[in-house]
Amino acid sequence: MVAAVTKSNLGQLTSCCSLLPMFRLKNVRELTWLLVAVCVLTGPSLADEQEFLEEFLKREYSLTKPYRGLGFSSSAQWDLMGTAMVTPDHVRLTPDLQSRQGAVWSRIPLVLRDWELKVQFKIHGLGRKNLNGDGMAIWLTRDRMQNGPVFGNMNHFTGLGIFMDTYPNADKTHDRTFPYISVMLGNGTLSYQHDQDGRRTELGGCTALVRNAIFDTFLLIRYTKNRLTLMVDADGKQEWKHCADITGLRLPTGYFFGASSATGDLSDNHDIISMKLYQLTVERTPEEEKEEEEEEEVIIPRVDHMEQFQVVIQEEGMSGVQFFFTLLFSILGLGVLAVIGLVLYGRWTEKRRKRFY
């Protein structure tokens with residue numbers, strides 16, 4: 001990805017160019033030296049904003065037109081599942097019909113340390129707002145090709161799930177606007193709760209108007225130095241908008257990419273247009289390299305300081321009626337135990353008395 005020149009760089013470049021009429025360039029050498037000076041002036045600020053040096057498209061992990069690596073042949077790199085079907089323009093995971101599930105999964109496990117996934121997709125249908133569903137998900141998980149209730153994939157998954165949720169199941173709180181994109185990390189025991197729209201296990205997210213948009217939606221998922229960055233472009237302006245930034249997230253290697261979707265009583269078309277994976281070349285200091293070498297191998301996904309992402313749920317106190325009956329049954333229970341104790345003590349005393357006669 002070519003680095004964009006920032007506003008400050010443009011200002012510096014414009015100011016330099018505005019001075020050109022003041023100088024009479026006698027020959028090409030003077031012009032060359034001037035261009036070199038401009039590059040030196042803008043170079044440091046560009047380097048400061050770049051997180052990586054360069055990127056390389058990894059075709060074995062990518063899904064692009066004309067989708068030749070997708071199918072049931074032994075040479076295919078991606079598998080179809082459920083209602084998913086291939087067209088010349090997209091891979092339709094689910095059609096605008098009720099009770100459908102579909103998915104596409106990579107066959108090749110990911111072994112890259114630093115990567116960036118760019119997903120181009122479209123969600124559209126005839127249903128009115130909040131009368132459509134359910135959504136779709138992008139996965140990087142240990143298990144692949146599994147049906148289930150989480151946007152067409154299994155619950156209690158192990159790995160990373162990014163959900164484009166188009167239907168509000170728990171909109172009573174009105175704390176967010178749908179469609180909503182959220183990030184969840186599964187360790188094999190956590191459960192995605194649809195009735196709460198995944199709030200309890202969410203690591204981050206944002207509102208994005210990805211349904212029935214005029215333009216295709218682009219989702220950017222970047223993982224480097226144990227940091228996951230999520231950005232979205234849903235309005236066709238070719239500008240990335242920040243969605244989530246999660247530090248201390250540790251993912252094992254050897255997991256599989258996938259995309260799935262599901263419809264229930266409500267439905268939509270869920271189309272994957274492309275999934276492009278890039279290997280990133282990231283600068284690391286000698287200290288960072290040494291620290292990574294000394295770290296234990298990650299087997300189960302985890303987030304450092306996970307407690308900062310937990311939702312604190314306050315337990316409701318006892319009502320007056322509950323307290324009364326609890327106290328009543330406690331007194332009755334103590335009374336019964338006291339009676340039983342007196343009966344047993346009386347029998348023991350009587351037996352002891354008989355021994356002396």
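Between the side chains of N155 and S191, at least one donor N or O lies within less than 3.5 Å of an accepting N or O. For N187 and T189, the side-chain atoms include at least one donor-acceptor pair closer than 3.5 Å.
Listed by chain and residue number, nothing satisfies the salt bridge (charged side-chain N to carboxylate O under 4.0 Å, His left out) test with R142 (two or more places apart in sequence, or in another chain).
The pair R92-D271 counts as a salt bridge, with a side-chain nitrogen and a carboxylate oxygen less than 4.0 angstrom apart. Using a 4.0 Å cut-off between charged side-chain N and carboxylate O, R211 and D268 make a salt bridge. A salt bridge links K241 and D235; the closest N-O separation between the charged side-chain nitrogens and carboxylate oxygens is under 4.0 Å. A salt bridge does not link R302 to E295: none of the charged side-chain nitrogens sits closer than 4.0 Å to a carboxylate oxygen. The pair E292-K225 does not count as a salt bridge, with every side-chain nitrogen at least 4.0 angstrom from each carboxylate oxygen. In summary, D114 and R284 engage in a salt bridge, as defined by a charged side-chain N under 4.0 Å from a carboxylate O. Salt-bridge formation is detected for the pair D79/R144: a Lys NZ or Arg NE/NH1/NH2 atom is positioned less than 4.0 Å from an Asp or Glu carboxylate oxygen. Comment: E239 does not engage K237 in a salt bridge, judged by the lack of any side-chain N to carboxylate O separation of less than 4.0 angstrom.
Nearest heavy atom pair, residue W115 against residue I221, reads CZ3-O, 3.7 Å.
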